[in-house]
Chemist: 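Below: one structure in C-alpha cells.
Everything numeric here is computed off the predicted structure, so don't read it as measured data. Computed from heavy atoms alone, side chains included, the values below leave out hydrogens, waters and symmetry copies. Quick note on labels: first sequence line is chain A, next is B, and so on, each numbered from 1.
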Protein chains: 2
Amino acid sequence: MAETAAPDQAPDETDPKRPEAPQDGEPLWRDALGECLRDLRHDRGEKLTDTAGRAGISPQYLSEIERGMKDPSSEMIAAVAGALELTLTDLTVAVAERLRSVQFTASVAAYVHRSAYALAA
Amino acid sequence: MAETAAPDQAPDETDPKRPEAPQDGEPLWRDALGECLRDLRHDRGEKLTDTAGRAGISPQYLSEIERGMKDPSSEMIAAVAGALELTLTDLTVAVAERLRSVQFTASVAAYVHRSAYALAA
DNA sequence: CTCCCGTTCTGCTCAGGGCGAAACGTCCTG
DNA sequence: CAGGACGTTTCGCCCTGAGCAGAACGGGAG
C-alpha cells in the first residue's frame, strides 16, 4: 500500500510507531481492528502464538496486526477471525461496538475536561 | 500485500475479478466495505468522481474499492468516510449492519431452500 | 537460573495499492 | 444518425509495504 497520495482529510495518526490511542476524533481502521482482535483473543484466554498458528500466520505478524501496525488483507482478517471462531460479521459488529463505546467515552472525557477547565478559569 | 501464506481457513473468494456476491458463508472485508460505501454514496446522491475528489483519491480507485477489488489502507478508508461525512464508527456500524442483514437474508434463503427440497422429496 | 510469552528489530521478496491513460457504456443534443 | 458529455471500468505500471523468517530483547513466574 503506497502512501504516496496521502489524503488531506486523513487524521495525523499515520505514524505506525505510535500507540493506537484515539486522539482527537477517530482511530484508523487498523487500530480499531487490532485492539478488538486482541480483546477477543484475550476473552478466549488464548495465546497469541496459538491463534496465529491456527490462522496460519506468523506470531510476529499477528502481534503487529493487534497493535495496529499493519493493514491486513481481507483474507488475513478472515483467517484471524476464523481462528477465533468468529465470522466477519461477528468481528465487524464487535469492532463497531467498540468504536461506539470509545466514542461515547471520548465524549464524556471531553465533557469532564471542559468542566474542569471552566472550574479552573 | 503478499498472499504467499494463503491461510487455509480463507474462503475461496480470492479471485478479485469475481463479483462480491456472498457465497456459502461470509464475504471478505473488502467486499462488505465496498458495497457499503457505494450504498452510502448513492444514499447521498453523490457521483463517484465527486466523492473521490473530496477524498483525494482517483475515481478509478474509488470504483475499485466500491467493487471490492482492493483492500484500501486505513487512511484511504478514513478519507472516503470523511468525504461521505462519516466517521470510521459510522462506517463500521453501517458495514456491520449490512453484514448482519445479509447473514439474516442468507439464513432465510437457506431455510426456504431446505423447505423446497423437503417438498420436492 | 530456566522457561515461557509477547514484542521488537532486521532484512528480505514480491504482491498489490494507487495511479494515469485509455476504453467502454449511457444519455442527451443538434 | 453522429458527436459530445459524463460516469464508470479496464489496463498497465511503479514502488511501497504486507507478510515472512530469524534473532534478540524485556518481563514475569517458578
Chemist: Taking the side chain of B:Thr49 as its heavy atoms from C-beta onward, which of C:dT7, D:dA21, D:dG7 lies nearest to it?
Modeler: D:dG7
Chemist: OP1 or OP2 of D:dT9 less than 4.0 angstrom from a side-chain nitrogen or oxygen of B:Ser63, does that happen here?
Modeler: yes
Chemist: NA contact type, A:Glu64, heavy-atom cut-off 4.0 Å: base, sugar-phosphate, or nothing?
Modeler: nothing
Chemist: To the nearest angstrom, how far is A:Gln60 atom CD from C:dC12 atom P?
Modeler: 17 Å
Chemist: Begin with the C-alpha distance, continue with both residues' side-chain angles, and end with the deciding distance and a verdict on salt bridge (Lys or Arg N to Asp or Glu O under 4.0 Å) for A:Glu75 and B:Arg30.
Modeler: CA-CA 9 Å; A:Glu75 285 83 4; B:Arg30 61 177 175 262; 2.7 Å; yes
Chemist: Which nucleotide in the list C:dC9, C:dG20, D:dT8 gets nearest to the side chain of B:Arg41?
Modeler: D:dT8
Chemist: D:dG7 P sits how many Å from B:Arg67 CZ, rounded?
Modeler: 16 Å
Chemist: Okay, side chain of A:Asp71, backbone of B:Ser73: is any donor-acceptor separation there less than 3.5 Å?
Modeler: no
Chemist: For a quick test of reading the model: is some side-chain N or O of A:Arg38 closer than 4.0 Å to OP1 or OP2 of C:dG6?
Modeler: no
Chemist: Check the distance between C:dC4's P and A:Glu46's CD and give it to me in whole angstrom.
Modeler: 18 Å
Chemist: Would you kindly give the CE-to-P distance between B:Met76 and C:dG16, to the nearest whole Å?
Modeler: 17 Å
Chemist: Of the options C:dG6, D:dG7, D:dA18, whose atoms approach the side-chain atoms of B:Lys47 most closely?
Modeler: D:dG7
Chemist: If the test is side-chain contact (heavy atoms from CB on, under 4.5 Å), which one of A:Leu88, A:Ile65, A:Leu37 qualifies with A:Ile77?
Modeler: A:Leu88
Chemist: What is the distance, rounded to the nearest whole Å, between atom CG of B:Leu62 and atom P of D:dT8?
Modeler: 9 Å
